[in-house]
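Just so we're on the same page: letters track the sequence lines, and every chain starts at 1.
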Number of protein chains: 2
Amino acid sequence: MLSKKTKYGLKALAFLATKELREPVQIAEIASEENIPQKFLESILLSLRKTGFLGSKKGKGGGYYLIKDPSEIQMTSVIRVLEGPIAMVPCVSLNFYEKCDDCPDENTCAVHKLMIQVRDSALNVYRKNTLADIIIDPKIIKSKRS
Amino acid sequence: MLSKKTKYGLKALAFLATKELREPVQIAEIASEENIPQKFLESILLSLRKTGFLGSKKGKGGGYYLIKDPSEIQMTSVIRVLEGPIAMVPCVSLNFYEKCDDCPDENTCAVHKLMIQVRDSALNVYRKNTLADIIIDPKIIKSKRS
DNA sequence: GAATATCCTATTAAATCTATAGGATAAATA
DNA sequence: TATTTATCCTATAGATTTAATAGGATATTC
């Protein structure tokens with residue numbers, strides 16, 4: 001299951017991606033537009049700022065904003081920051097590797113063999129998607145229809 | 001993250017797949033060979049029996065055994081029984097669909113768009129793998145080398 | 001009928017996730 | 001410079017889920 005943190009974080013990033021770069025948007029606005037508990041969102045945006053995805057500005061007219069173009073923001077890095085490992089078991093994780101204490105030999109482990117494939121398939125998806133790829137601007141849809 | 005339940009269940013199935021069909025193997029043997037807490041494994045095997053993957057026999061000489069050929073056991077169904085939905089969010093789940101209460105429109109949801117792809121890629125992997133595909137019999141490896 | 005091994009329900013313990021509280025800090029503005 | 005505004009930050013409460021165990025019932029073998 002995707003955590004709420006990741007879900008909310010992605011929605012917030014997508015929301016900011018529809019705005020002008022470096023135009024601060026307040027937490028309150030994002031929270032109400034995307035139906036996210038405000039205090040929870042606050043902590044998520046904070047961590048996205050600390051990990052280099054967002055910039056922020058304090059005081060009146062302040063808020064959060066993207067510091068990179070959406071097409072430069074890869075889903076692999078967003079997911080790793082928000083959700084943690086992409087792999088479903090630590091023993092197949094590229095960035096968070098850990099040996100299983102119950103498994104004597106990864107090379108003969110059925111779970112390992114299966115989860116390597118699952119990891120690779122998820123990686124493929126995350127690698128080929130940037131923030132720009134997943135945002136769906138209703139305005140764009142409208143103009144395509146007309 | 002893959003739950004321990006799923007991990008243990010898969011390992012147990014893989015273990016049984018290396019044995020003769022319908023030859024009962026005791027929980028205690030599987031547990032010690034695969035380093036799984038016995039009582040926990042007991043409950044897992046019970047649910048695998050109730051969902052039609054395993055047969056069992058009580059009393060002396062009893063145990064659990066596969067009732068289908070490993071090549072007939074698809075990973076999609078194993079994962080769904082042990083882990084639950086393959087999708088990471090209910091709103092993209094084929095078998096466990098649920099609408100997000102915070103999301104007014106799935107068609108314009110960035111998370112939805114991304115998670116559809118992740119679900120499909122995972123499905124592809126689980127669909128093309130049967131239990132037979134993931135077991136790695138050390139004997140087979142040896143004979144290939146010699 | 002004794003031994004063996006699964007069957008079954010309930011419960012505890014631990015970990016993780018979700019959400020909130022409450023004040024500190026910094027910037028704008030009047 | 002005081003006031004307002006909005007992020008910053010740490011801590012913690014509450015809820016949920018997961019992992020594991022307990023203990024006895026049932027069925028089978030010999």
Side-chain angles (χ1 to χ4, degrees), chain A residues 1-12 16 22-32 34-51 53-67 81-85 88-90 96 98 100-102, chain B residues 1-12 16 22-32 34-51 53-67 81-85 88-90 96 98 100-102:
Chain A
M1 271 286 286
L2 202 70
S3 68
K4 298 259 180 177
K5 180 184 174 187
T6 303
K7 185 184 179 188
Y8 294 158
L10 278 172
K11 289 182 89 171
L16 290 174
R22 288 167 202 276
E23 264 306 303
V25 182
Q26 295 170 27
I27 296 174
E29 181 183 344
I30 307 173
S32 85
E34 297 292 337
N35 301 304
I36 303 171
Q38 180 162 344
K39 269 292 189 178
F40 194 10
L41 179 60
E42 193 180 319
S43 70
I44 296 167
L45 296 181
L46 198 57
S47 85
L48 285 172
R49 195 215 61 190
K50 287 184 176 172
T51 48
F53 293 96
L54 299 177
S56 67
K57 204 184 155 202
K58 283 183 177 179
K60 186 162 192 182
Y64 284 96
Y65 51 88
L66 287 181
I67 54 181
V81 160
L82 291 171
E83 187 76 3
M88 292 186 78
V89 279
F96 302 82
E98 243 176 276
C100 297
D101 43 354
D102 59 296
Chain B
M1 273 285 285
L2 200 71
S3 67
K4 298 260 182 177
K5 180 185 175 186
T6 303
K7 186 184 177 189
Y8 293 159
L10 278 172
K11 290 182 87 172
L16 291 174
R22 288 167 202 275
E23 263 306 302
V25 181
Q26 295 171 26
I27 296 173
E29 181 183 343
I30 308 173
S32 85
E34 296 292 338
N35 300 303
I36 303 171
Q38 180 163 343
K39 268 293 191 179
F40 194 9
L41 180 60
E42 192 180 318
S43 70
I44 296 167
L45 296 182
L46 198 58
S47 85
L48 285 172
R49 195 216 60 188
K50 287 184 176 171
T51 47
F53 293 96
L54 299 178
S56 67
K57 205 185 155 203
K58 284 185 179 177
K60 187 163 191 184
Y64 284 96
Y65 50 88
L66 287 181
I67 55 181
V81 159
L82 292 172
E83 188 77 4
M88 293 185 77
V89 279
F96 303 83
E98 243 176 274
C100 297
D101 42 354
D102 59 296

Using a cut-off of under 3.5 Å, enumerate the N/O to N/O pairs linking the protein to nucleotides 23-27 of chain C.
| from | atom 1 | to | atom 2 | distance (Å) |
| --- | --- | --- | --- | --- |
| C:dT25 | O2 | A:Lys58 | NZ | 3.4 |
| C:dA26 | O4' | A:Lys58 | NZ | 3.0 |

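- Within the 4.0 Å cut-off from OP1 or OP2 of C:dA5, not a single side-chain nitrogen or oxygen of B:Arg49 is found.
- Shown here are the side-chain contact (heavy atoms from CB on, under 4.5 Å) partners of B:Ser47, two or more places apart in sequence or in another chain: B:Lys5.
- Checked against side-chain contact (heavy atoms from CB on, under 4.5 Å), A:Lys58 has no partners two or more places apart in sequence or in another chain.
- Every side-chain contact (heavy atoms from CB on, under 4.5 Å) that A:Asn35 has, sequence neighbours left out, goes to B:Asp102, B:Pro104.
- Scored by the salt bridge (charged side-chain N to carboxylate O under 4.0 Å, His left out) test, B:Glu23 finds no partners at all (sequence neighbours excluded).
- For A:Phe96, the ring pair (Phe, Tyr, Trp, His ring centres under 6.0 Å) criterion is met by no residue, not counting sequence neighbours.
- Evaluation of the ring pair (Phe, Tyr, Trp, His ring centres under 6.0 Å) rule for B:Phe53 yields no partner, not counting sequence neighbours.
- Residues forming a side-chain contact (heavy atoms from CB on, under 4.5 Å) with B:Lys39 (at least two apart in sequence, or on another chain): B:Glu42.
- Judged as a salt bridge (charged side-chain N to carboxylate O under 4.0 Å, His left out), and not counting sequence neighbours, A:Lys50 has no contacts.
- Within 4.0 Å of A:Leu45, counting heavy atoms only, lies no atom of the nucleic acid at all.
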What nitrogen or oxygen pairs link the protein and nucleotides 11-13 of chain D at under 3.5 Å?
none

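- Taking side-chain N and O atoms only, A:Tyr8 has a distance below 4.0 Å to OP1 or OP2 of C:dA19.
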With the criterion being N/O to N/O and under 3.5 Å, what pairs connect the protein with nucleotides 9-12 of chain C, and how long is each?
none

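- In this structure, B:Lys60 has no salt bridge (charged side-chain N to carboxylate O under 4.0 Å, His left out) partners at least two apart in sequence or on a different chain.
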